[in-house]
Structures are given as structure tokens and as C-alpha cells.
Protein chains: 4
Amino acid sequence: MAVAERESAPRRRAPRVDAVRNREAIIEAAAEVLAEQGTAVDVREIARRGGVGMGTLYRHFPKKEDLIHTVLRKEFLEWAESARQAAIDAEDPWMALTDFYQQALTGCARHRAIMENFALTWSVPDLEGIQQLRMVIEELCARATNLLRPGVTTDDLLLLLVSLGHAVELTDECRPRMWNRLLRISLDGLRAEHREPLPAE
Amino acid sequence: MAVAERESAPRRRAPRVDAVRNREAIIEAAAEVLAEQGTAVDVREIARRGGVGMGTLYRHFPKKEDLIHTVLRKEFLEWAESARQAAIDAEDPWMALTDFYQQALTGCARHRAIMENFALTWSVPDLEGIQQLRMVIEELCARATNLLRPGVTTDDLLLLLVSLGHAVELTDECRPRMWNRLLRISLDGLRAEHREPLPAE
Amino acid sequence: MAVAERESAPRRRAPRVDAVRNREAIIEAAAEVLAEQGTAVDVREIARRGGVGMGTLYRHFPKKEDLIHTVLRKEFLEWAESARQAAIDAEDPWMALTDFYQQALTGCARHRAIMENFALTWSVPDLEGIQQLRMVIEELCARATNLLRPGVTTDDLLLLLVSLGHAVELTDECRPRMWNRLLRISLDGLRAEHREPLPAE
Amino acid sequence: MAVAERESAPRRRAPRVDAVRNREAIIEAAAEVLAEQGTAVDVREIARRGGVGMGTLYRHFPKKEDLIHTVLRKEFLEWAESARQAAIDAEDPWMALTDFYQQALTGCARHRAIMENFALTWSVPDLEGIQQLRMVIEELCARATNLLRPGVTTDDLLLLLVSLGHAVELTDECRPRMWNRLLRISLDGLRAEHREPLPAE
DNA sequence: AATGAATGAGGTTTCATTCAT
DNA sequence: AATGAATGAAACCTCATTCAT
């Protein structure tokens, strides 16, 4: 046992098995509740669903905001990663771009919370998750550079994603496939055959 | 109309003037506050700025939601009208489309509240203001029918508007002209030269 | 009634009868509870005893601290006034001094809260109630000037009062008359026959 | 003693050394914190500063109150002892009395916690530390018997000490030498030249 | 024996809505 | 019809104490 401990955590006393479990339970519960009710939830509801006391919740996340941010970041990261994977799996560059948006927007449909975090993109641009996302898009840009109309920037593609994400959110319940049309339109507008310069900022 | 009213209730003690003035004051105050702080405002703040008591406010709007909806609808209507006017003033059909979006999105930048209401577009499609907006877009569609790629619907154009509206909302403060690029891209994607069919819903 | 209103409050709409009643009820309840349990009370208990809702309490006193201060100041003022009256009623100057302390200290015995406020004497010397108290003592000093040992200041007498007040607080329950002895000793030490100068500060 | 322990429990796995060290660390930390923030501290703060876990703290002191009492008693004893020493070192009886109060009150200025414990004097008169203090005062009384006004009791002198202690506490920060004047006044009131009997309890 | 995570009652405060004046 | 005081159910957060590791 001592050996095991030394191996797994050479400095800290113990990994606190139940603490970890609780933390996960809280995050999971919060994710559920946030998806259902948005950020205006009662923390007690989260604690109840997570099967922990208020104190436990507040030990892990001293402010409600901390908890929410943690959940959002986690979901956001997972989401960004799945979109990145879709891009990597694609064969040709334009397909990569298309699949990336497809996957990302499909994710938006499922996790309402993602968009709440995504909205922070522009106000807090160095947010951890955003950076990763931006890197993926940069890669996509580079791969598809000859297929994209001149002057298109990473930020353009990122904003397009946020923008479409919102459309997804609104239409997902009543007309779940509608956003694909908008995506197609926007991507076509990005093709290299459009040679007119984009307006400067 | 005023005459009719006087005739039907000739002996009402107090004139309606106060009531009307109060109602307007409340709506105006609410519009201000909503624009500044979103829907999570304290109702008192609205009453205070409107110069009326809580009771008066609640006489006119039994629920906070009622007040908010009223304000949003009013702003929404004005906004839709200004966009329609921009479209009418334009000379050629494509310009009309462009100016319409320009005007509408500029309005989004100014009235944050509009978007909150706009988001209801799809869940409550027979909302008064939406209908008007849809009619404008239908006209634009008809005028530009030969310039638009085949299969584009009114709903597509409406959703595009909502989608871009969100982008405007997010970038207005830090990069206020960025959304113009996205608009250009999307509109280009709508041009008739793109002949591939849009995905069915 | 209208006349009365105009006289007493020419500008404000109405004296809000029940508001006044509630305010008093809250203060009275708070006074009771503070006397019993000290400042560590639950505000809910105060609201309950006052027969008002939480909101009412917080309308009148936005912070718990506000309520407590209000109560303490009120009691303090009444207390100071009763001591002043005792001094006025006395015939000769030394008797006035004696009776003042007697009355003041008897008050300390009854209202524990007074001392909590009194303790602020030195940290917040321009507290309303203190000023009045200081004035009374100054008068007493002036009247008894030939009977007091040279160099005794108002602050000396004030600090003596606080000091003895604490003794009263401690002994009131188990040995309720004990503090009179200490008072006698201290007052004798203040007599003019002691001519040695007091240590400078 | 160590031998006795080893004999009676020869195979205890861990030596008591840790436990003792922890206990001391807790007490020391608590003393620090109490001096700084009064009794309203969070127990965690104490545990943290003492470098021990909550469980350890609660093993030694099952209730927060227990810990506080322990600390206060310890400080109180040290304080009483230093005052006693001052009295012993003095040459004549009146000087002994004076020096005793001087030393004791100077101690009050430094350890706020002392007064909190001292306040228990009358409600828990057989508190260990008080007994010692009372004995010192009794001795002082005996030595100065001819110099003290008739009828002065040990309790009078003790209450005087508590009373002045409170004055010290209040004035120490803003007017640190002020209490000396009060002490002089009170001691002069204790002189034998005042022959009027003190009021009976 | 030691650790610190977990507990949950209880604290202060806010705010949509009602109601006496 | 207007006023704004009253209401009280939550909301967020703290902390003395217990308990699994």
C-alpha cells in the first residue's frame, strides 16, 4: 500500500478517492442541470442530484460561478476535440472543413451549455478552450488555403462557427436539420471562386 | 377614437391620460434597463426609472414577463420596420437584400433586447413581429429570385438573420465591424451561381 | 388629518402609518433579542418576533449591522438622557456627579446592549450619543470644579463610566450591588483632597 | 514518568511525541489567531496555522470551546504570574499594589484574549487561574492592610482589576497611556485616609 | 493517531408579487 | 388609479463538527 501510494502520488498524501468521485459527481450533476435549466439553477439542486452536501460542493467550487465555468470548460474541450477529430479524419481539405463544422454544430445541438461558454469567446479570447479551437481552425485554413477565398481569417471562421452554433441552438428542437442549409450556404460563400475582397474591419 | 372613448364612458372621474403616460414611461424605462442589464433586472429598478410605483407597474403588467414581452415586441417592430424601409429604398434587388441585412444587423448591435426576442422566432413562429419580418423577406426573395441560388427559402434567410444577429451581439463591443465580413460571405453563398441544391430538411 | 399631515410632513406623500409601526416593531423586537442573545442573533428571529417578513426588515435596515446600530443608538440615547436627568435633579454638585453615575450604571445593568455600543466610544468618538454624554459630563465637571482633584478631564470621567459599566455588566447577575463599592472608591479618588497630579498621557 | 509510561504500555506503536507536539502547535496557533481575530475565528484557520488536520484538532479538543478555554487559561495563568512577580519585587506594600496593577493592566493591553477569560471571573469563580490571582491579591491586601481604607475586600480589588482591564482594552490603541490616570484615581480612592465605610452589598 | 473531505443547519440577502393606504 | 411597504420563498454561502481513509 505504501508503495502504491508512493508510486501514484509521490508528494501528496493521498489522491482522496472519494473526493475525486464527488468532484466528478458534482460536475456531472451540474452538467445535467445546466443543460436542462441554464445557469439560473439552484446550487442545492446540483448538490442533491450529485448526492453530496452543500459544503462539499462549496469545498470544490467556492463560488457558483467556479462550478459553472468548470463544467462549461470541460464540455467545451470535449466538444472542440470531437470536432478536431472529425477534421483530421477527413481526406481532402474542403471535406475537413465541412466535417469540422458538421461535427461541431451537431455538438452544439446537444449541449446547450457549450454556447454559453462559446459566447465568451470574444470577451475572454485567451480562454483555454478557445485557444485549442482556434488552433484547429488555423490548421484547417492552412490545409484549404487554395480553396478559400482570399482574405478569410481564422477569426472569420471562428465567428461563423459561433454564429451558426446559435442558429443550431434555436432550431434544433423544432427543425433539427435546418441548419445544414445555412452551413452549406456559408461554406459556399467561403470558396475561392469569390474573389471580391471582404470588407476591412 | 378619442371621441369614441369619451362617448362610451363620459363620466370616468380621472382621465386616461395619466394611465397612458404611465404605461409609456414604464415601457421606456424597461427598454432602457433591458438594454443595459438584460432580463435579469430587478423590477424595482424599472419602476424607479419610470417614476411610478410598483403597484402601477403591476397594474399594467401583471407579470414581469408581460412587461418584457411588451417591450421586446415594440422594439422588435420598430427594428423590423427600419430594416424594411432600407430594403424599399434600395434600387436593385440584390442591393435591397444587402441593405436589409445591413440595417437589421446594425439594429441588433444597438438593441441587445431584440435578440432575446428574436430567439423566440422558432419556438413561437406566429409572434406578431416575426410575421411582418417574414413578409419583408418574402418580398425580397421575390424581387431577387433570379439572383438567388435555387431552393433558398424565406426561412433560410430568416435564420441567417438570426444567426448573424448573434454574431453581431457578440462582436459589437470589441470588434464592431467584424460582422460585415461574415455577412458578405453568407450573401455570396446565396448567389445564383451556386447551383448545387441545398440539403433537404 | 390632512392638516396634521401637512403640518408634520409638508413634502412627503404620507407618513406610512404601518411602515412606522413596523419599524418600531422591528426595533423593539431587535432590542429584546439583542438583550437576550447579544449581536449573534438570527435576523429571522427578529423578523418573527416583530411580526414582519424578512423583506420588511431588510427594507428598513438593508444590513443586519444597520439594524443593530439603530437599536443600540436608541437605547444609548435613552440611557444617556436618564443619567443626565438624574444629574440635573440633584441638589449639590457632588451629589449630581454621584447620582449621574448611579443612574448610568444602573442602566448598564439592565441593557447589555448599551455596553456594546459604549465600547465604540473611543474608536468612533463622534458617535451621536457619545457627544451628548460628553456634554453632560462636561457640565458636571464645571459644576463640581472645586470639589474635583486638579487635572481631571471629561475623558477621565467618561472612561471611568465605561470601565465601571463593564464591572456592572459582569457582576449584575451574581452580586448585583457590588459595583456600588467600586463606584464609591473611584469617586473618592476623584475628590479635590488628592492633590498629586495625574500622570500625563 | 517516561519510564512509567513505557512500562505500563510497552508496545504502543507510535510514541506520544507527535501528539504532544501537535497539541502545543494547536494551542500556539490558536493563541495567535485568537489574539488577532477574537473568538469568532474559523477553526480551520487554527488547524491550518498549526499545521495539523481538522481531525487532529478535534481529537485534542472535542469542542471549539474546549480549545479556546485551554488557550485562555494558559495565557491567563502566565499573565497572573507575571503580575504576581511584579508585586513580589516591589519594596513597600503600596508600591507592591501599584506595580501589581501596572503589570497586570499592561498585560491586558497585549493579550486581548485575557479579558475574554477574565470576564468569566464572576460566573465561574473557581476557575483555576482566578484562584491564583485572588491569592495574590489577598497577600497584597494583607501587606498593605494599614494603608487601605477599612472594609476593602479582595473582591473589590479583583473587580477593580477587571474593570480597569476593560478600560485598557478600549483605549490601548488610540490613547495607550490614558488608563494610568484611571488607575491612579482608583488607587487613591483606596487609601486609608478615606474613612467613610463602603456601601454594603 | 492523523488527515482533510463531507455534512447540513443556519446565516444574510434579494426580488417577484401582493395589498393596505 | 396610484403608491410603495410588506411578504416570504429561495438564493448563495459559512462553519462547527463528524467520518472515511
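A quick note: this is a predicted structure, and the numbers were derived from the prediction, not measured.
Within the 4.5 Å cutoff, the side chain of D:R23 has no heavy atoms near those of the D:V52 side chain. A heavy-atom distance below 4.5 Å is found between the side chains of D:R73 and D:L77.
Place C:P62 and B:K63 on DNA chain E by their nearest nucleotides, and C:P62 ends up nearer the 5' end.
Distance CD1/B:I46 to CD/B:Q37: 9.0 Å, rounded to 0.5 Å. A distance of 8.0 Å separates CZ in C:R44 from CZ in C:R48, rounded to the nearest 0.5 Å.
With rounding to whole Å, A:E65 atom CD is found 14 Å from F:dC13 atom C1'. Here E:dA5 presents its C1' atom at 11 Å from CD1 of A:I26, a figure rounded to the nearest Å. Taking atom CG on D:D66 and atom P on F:dT18, their separation rounds to 11 Å, with Å as the unit. Distance A:L67 CG to F:dC13 C1': 14 Å, rounded to the nearest Å. At whole-Å resolution of the value, CG in A:D18 and P in E:dA6 are 5 Å apart.
For A:R21, the salt bridge (charged side-chain N to carboxylate O under 4.0 Å, His left out) criterion is met by no residue, not counting sequence neighbours.
Within residues 42-53 of chain B, the residues having any heavy atom under 4.0 Å from DNA chain E are, by residue number, B:D42, B:V43, B:R44. Non-hydrogen atoms lying under 4.0 Å from DNA chain E are contributed by A:M54, A:G55, A:T56, A:R59, A:H60, all within residues 54-61 of chain A.
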Got a list of side-chain donor-acceptor pairs under 3.5 Å for residues 53-68 of chain B, not counting sequence neighbours?
unit_1, atom_1, unit_2, atom_2, d
B:K64, NZ, B:T39, O, 3.2
B:K64, NZ, B:V41, O, 2.8
B:D66, OD2, B:K63, N, 3.0

Could you pull out all donor-acceptor pairs under 3.5 Å where a side-chain atom in residues 24-34 of chain B meets a protein atom, sequence neighbours excluded?
unit_1, atom_1, unit_2, atom_2, d
B:E32, OE1, B:R49, NH1, 2.7

Query - Strand DNA chain E as a dot-bracket string - pairs counted if Watson-Crick or G-U with both distances under 3.5 Å, | where the partner lies in another strand - result: .||||||||||||||||||||
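OP1 and OP2 of F:dC13 both lie 4.0 Å or more from every side-chain N or O belonging to A:K64. Note on A:N22: every side-chain N or O is 4.0 Å or more away from OP1 and OP2 of E:dA5.
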